[in-house]
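Input: a single structure, listed below in C-alpha cells.
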Protein chains: 2
Amino acid sequence: MIQKSSTINDVARLAGVSKRTVSRVINGSMSVGDSTRVRVEKIIAELNYSPNTQARGLASSRSYLLGLIYDNPDALYLDDVQRGVLEICSRLGYELVVHPCRYRSETLVQDCLNFINRSKLDGVIVLPPVSELESLAEALKDAGRPYVRLTSVAIDEAKHIVVSDDRSAAAEMARYFAQLGHQDIAFISGPQRYKSSTERMEGFKLGLSAYGIALKAERIMEGNNTYETGIECARSLLSQSPLPTAIFANNDQMAAGVLKVAHQMGIAIPELLSVAGFDDNLLASRVIPALTTIRRPVRQMAQLATTKMIMVIEQNDKAAQQVAAKVAPTLVVRESTAKVSVSLPS
Amino acid sequence: MIQKSSTINDVARLAGVSKRTVSRVINGSMSVGDSTRVRVEKIIAELNYSPNTQARGLASSRSYLLGLIYDNPDALYLDDVQRGVLEICSRLGYELVVHPCRYRSETLVQDCLNFINRSKLDGVIVLPPVSELESLAEALKDAGRPYVRLTSVAIDEAKHIVVSDDRSAAAEMARYFAQLGHQDIAFISGPQRYKSSTERMEGFKLGLSAYGIALKAERIMEGNNTYETGIECARSLLSQSPLPTAIFANNDQMAAGVLKVAHQMGIAIPELLSVAGFDDNLLASRVIPALTTIRRPVRQMAQLATTKMIMVIEQNDKAAQQVAAKVAPTLVVRESTAKVSVSLPS
DNA sequence: TTGTATGCGTTATCAC
DNA sequence: GTGATAACGCATACAA
C-alpha cells in the first residue's frame, strides 16, 4: 500500500493556521509569532512532514539538487570527490546527481545544458578535464547557472573555481629528485590537451632547470592517465639504454604501471630506479613498493567547491569569494624513491 | 542573463495546437494526427524544448530520478556499479542520485525513506551490505517504492533482486586450492554480520570438505573488507608457525593487504604462500603479483538491477521478472597462486 | 483526433 | 503577524 506522505495542507489544517504560515515556518521567516511557530513545528514533527521538493522547485525554481559533471577514468579520484561533495550536501540539505560525459563529444555542452535544465539543478560542480573547457563554462554562465570548477590553473573568477597548484607541486618533486642526485630523469606526461598535464610538466621542467637539469625529448612519453598507458610508456622508457635513474609520472595510476613493468623486467625499485606519481590516491600507499607522490587534497577541494557553490545559491557572490579557492598539494615520500646509487657519466 | 527555457505553452502556441496535444506528442500517444505530430515535433526541435521534470513529476508523481543507496568502503566497486547503472539510466532518460548512508545507524531506515520522499525518487537500487537489511526492504515495500537489491543470497522476490552466487564461487576457489595440493589453508573473512561474508565462508568450507580438508579455527580471521584490516589479519596469520600454505581473503582489498605483509616479511608469493581474493576489481590485476580471484560481474549486475527497476516503474512486475536475477561469478587465475611446494606433515 | 478544465504541493503577491 | 489567492509547468479526466 502506498503511504501518501503528508503535505503542507495537512500541517496547516492540524495546526489551525493557513498554509502560508506553515510555509513561513519551514523557511525560517522572522515574522511568525512564537506560539504559532511552536505549534506548527510540533505538528510537522508529529507528521514527519518534509516539503515536496518538486512542488517547491516548481514554485521557487529551486531543486536542492547539485550536479557533478566529469569524464575521468580514475575511480579512486571520483570516489574521493563524491565523498567530499556529499558530506557538505547532506549537511546542507542537497542531493547529488552524478553525470559522466564524454570530453571529446561534439555535443558535450548541449548535453550538459540539457542535463541541468531537465533536472533543474541548482548548480553543478565540474571536474577536470571537462572543467578546462571554456566553451562549457561560458554556456553555463550564459544560462545563468551557478557552477564551480576544479582545476589546476586559475582560469576563472574566484567564485567559480577551486584550484590546486600542480605546477609548484611538480617543481617540488623536481627539487626532491635533484637533491637525491638524479640527473637522467624521465617523465610520463598526461594528455597534452589537458591543462593539468601541461602544468605538471612545466612545473617539473622548471624545477629541474633550477638545478641545471634538462628533460631530454626521448625521455618524455605521453600517456592518458590510465594504468594501461602507464605500462606502455614504461615499456618504452625502460627499453632505452642507458636507463634513466628516475621516472616521474603524471599520476599514480601510470606510476603503478611503471612499477609493474619494472618488476617484470627485474629492475629493482628504488635501488636501480626511482619512481614517483601524482595524486596520492589510495593506490599510492598500497602498491608495492609504496609510491612517493604528490598529495592532492581532493576531498577538501570537493568540500570547498560544494560550499562555494551553495554560497552563491543561497547567499551571494561575495560570500562565495570568501571560501578558499586554492589548495596546495604536498610531497609525500614513501618507498619508491631513493638516492641515485651509481652515477655513471652519460 | 538567465535564459528562461521554453514551456509546453510556448510549443502549443507556436504549433497552433492545445497543450494537451503537445503533451500527447511528448508522451508518444497513438492518437495524434501525423501532420499535427510532425508540426509539433518541428517546433519542439526549434525551441530545443524539453519538459520540466519537476512540473511533470508534480502532476504525475514521477521524477525520472533513481537513487543509489550504499555503505561500502570499496571505491572500485562503487565506481563499477555507478557506471553500470548510469549506462542504463542515460539510455532510458533517468538520472541517478547517490546516497551513502551508515549501515549501523539506528535511523538508517528513516533516513532512506526521507531521502526517497523528499526527492520523490521513482525507485532505488540498494547495495550490500545495506541491501541485506530486511527492515529497509520492508519499509520500502510498505512505502510502495520500487526497489532492487544487489545481494549474495536470494532473499527477496525476483523483481526485487539481482544476486551473485558467491557460495558456489567460493567453493570453486576451494576446489582450485585443493587441486594445487594445499591442505593447510587460512581464511580471512568479512564481517560475520554480512550475508556476503557468511556465504563465502560457508561455500569455501563446503568446497574444502569435499576434499577432506577442514578450516582450523586458528586459521580464520575476521576483517572488515578494508585493506587495513587485511594487513592486520595477515600479520596475525603470518606470525603463526608453521605458516599456512595458502590464504583466501573475502575480497581483493584484504588480499592486497596480505600481499603487502608477505612482502614485508620476505615471504615469497606464490612460491611459499598462495593468496587469493574475491571480486576481481581493478586492484586485483594491478597488484604485484597479480591476484588470483573470483570475478564478480558487478557492472552487469548493476545494469540488470537498473533495467529491472525501470521495468517495474514503466511496465509491470511480470516484465521485471523476465530480467535475469542471478549471475555467476567465475574463477580467475593469475600469479598469486601456485602448487604447494614442499608439503611437510604437520 | 483534439481541446477544456482541474489538480499536483509549494512559494510569492498582496491585502488585512 | 497572518491569510486568501494566484502562479509554477505539466498530466489527465472528461468533453467535443
Side-chain angles (χ1 to χ4, degrees), chain A residues 2-41 43-44 47-65 93 117-120 122 313-314, chain B residues 2-41 43-44 47-65 93 114 117-122 313-314:
Chain A
I2 298 194
Q3 170 91 22
K4 255 187 99 39
S5 42
S6 41
T7 76
I8 198 172
N9 290 306
D10 302 328
V11 178
R13 184 166 32 79
L14 267 60
V17 297
S18 78
K19 56 192 220 179
R20 183 68 186 92
T21 299
V22 177
S23 177
R24 286 197 178 91
V25 172
I26 295 171
N27 297 294
S29 161
M30 286 311 134
S31 46
V32 176
D34 279 349
S35 64
T36 319
R37 153 164 293 125
V38 171
R39 188 151 33 98
V40 171
E41 281 170 344
I43 302 291
I44 288 181
L47 260 45
N48 190 27
Y49 163 80
S50 73
N52 178 327
T53 51
Q54 290 184 319
R56 187 180 247 196
L58 231 206
S60 65
S61 53
R62 288 277 309 274
S63 65
Y64 292 89
L65 252 33
N117 275 329
R118 273 174 47 92
S119 296
K120 289 287 176 290
D122 287 346
I313 296 172
E314 299 189 344
Chain B
I2 298 192
Q3 171 90 19
K4 254 187 99 39
S5 42
S6 41
T7 77
I8 197 174
N9 291 306
D10 301 328
V11 177
R13 184 166 34 77
L14 268 59
V17 298
S18 79
K19 54 194 226 179
R20 181 68 183 90
T21 299
V22 177
S23 177
R24 286 198 178 90
V25 172
I26 294 171
N27 296 295
S29 163
M30 287 311 133
S31 47
V32 176
D34 279 348
S35 64
T36 319
R37 153 163 294 124
V38 170
R39 189 150 32 97
V40 171
E41 281 171 344
I43 301 291
I44 288 182
L47 259 45
N48 190 25
Y49 163 80
S50 74
N52 177 330
T53 52
Q54 290 184 321
R56 183 182 253 197
L58 231 205
S60 64
S61 52
R62 289 277 308 276
S63 64
Y64 292 89
L65 253 34
N114 284 344
N117 275 329
R118 275 174 46 91
S119 296
K120 291 285 175 289
L121 302 184
D122 287 346
I313 296 174
E314 300 189 344

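Heavy-atom basis, side chains included; hydrogens, waters and symmetry copies ignored. Just so it is clear: chains get the letters A, B, ... in the order the sequence lines come, proteins before strands, and each one is counted from 1. This is a predicted model, so every value here is computed, not measured.
- You'll find the side chain of Arg39(A) reaches within 4.5 Å of the side chain of Val17(A), heavy atoms only.
- Comparing Gly33(B) and Ser60(B), the nucleotide of DNA chain C nearest to each residue sits closer to the 5' end for Gly33(B).
- Across the protein-nucleic acid pair, Arg39(A) atom CZ and dT2(D) atom C1' stand 11 Å apart, rounded to whole Å.
- Under the rule for a side-chain hydrogen bond (donor to acceptor under 3.5 Å, both in side chains), the partners of Asn114(B) that lie at least two apart in sequence or sit in another chain are Gln110(B).
- Looking at every heavy atom in both residues, Pro51(A) comes nearest to Arg56(A) through CG-NH2, 3.7 Å.
- Taking only side-chain atoms of Thr7(A), from C-beta outward, the nucleotide of dG9(C), dA11(D), dG1(D) with the closest atom is dG9(C).
- Taking atom CG of residue Leu58(B) and atom P of nucleotide dT10(C), one finds them 9 Å apart after rounding to whole Å.
- Under the side chain to side chain contact (heavy atoms under 4.5 Å, CB included) rule, Val11(A) has a single partner from Val22(A), Val25(A), Ile26(A), which is Val22(A).
- Panel note: side chain Thr53(A), backbone Arg118(B); a donor-acceptor pair is recorded below 3.5 Å.
- Of all non-hydrogen atoms in Lys120(A) and Ser63(A), the two that sit nearest each other are O-OG, 2.6 Å.
- Under the rule for a side-chain hydrogen bond (donor to acceptor under 3.5 Å, both in side chains), the partners of Glu314(B) that lie at least two apart in sequence or sit in another chain are Tyr94(B).
- In this entry the distance linking CD1 of Ile8(B) with C1' of dT12(D) reads 12 Å, nearest Å.
- Side-chain atoms of Thr7(A) come within 3.5 Å of backbone atoms of Asn9(A) as a donor-acceptor pair (strictly under, hydrogens ignored).
- Listed pair Thr36(A) / dT2(D) meets the phosphate criterion, a side-chain N or O lying under 4.0 Å from OP1 or OP2.
- In this structure, Ser18(A) and Ala12(A) approach most closely via the heavy-atom pair C-CB, 3.9 Å.
- Residue-to-nucleotide contacts include a donor-acceptor pair under 3.5 Å from the side chain of Arg24(A) to the base of dG3(D).
- Scanning both residues, Ile43(A) and Ala15(A), for their nearest heavy atoms gives CG1-CB, 3.9 Å.
- Taking atom CZ of residue Arg62(A) and atom P of nucleotide dC8(D), one finds them 19 Å apart after rounding to whole Å.
- Listed candidates were dT2(C), dG1(D), dC10(D). Nearest to the side chain of Arg56(B) is dC10(D).
- Nearer the 5' end of DNA chain C, as judged by each residue's closest nucleotide, is the contact made by Asp34(B), out of Asp34(B) and Lys120(B).
- Rounded to 10°, the helix from dT1(C)-dA16(D) to dC16(C)-dG1(D) has 30° between the axis fitted to its first five pairs and the one fitted to its last five.
- Contact between the side-chain N/O atoms of Asn27(B) and the OP1/OP2 oxygens of dA11(D) is found at a separation under 4.0 Å.
- Contact detail for Ser23(B) and Ile8(B): the closest heavy-atom pair is N-CD1, 3.9 Å.
- Listed in residue order, the members of residues 48-55 of chain A having a heavy atom less than 4.0 Å from DNA chain C are Tyr49(A), Pro51(A), Asn52(A), Ala55(A).
- Of the residues in residues 14-22 of chain B, Val17(B), Ser18(B), Arg20(B), Thr21(B) come within less than 4.0 Å of DNA chain C through at least one heavy atom, sorted by number.
- Under the side-chain hydrogen bond (donor to acceptor under 3.5 Å, both in side chains) criterion, Ser29(A) pairs with Ser31(A), sequence neighbours left out.
- Computed from coordinates, the Tyr64(B) OH to dC10(D) P distance equals 13 Å when rounded to whole Å.
- In this structure, Met30(A) atom CE and dT2(D) atom P are separated by 14 Å, rounded to whole Å.
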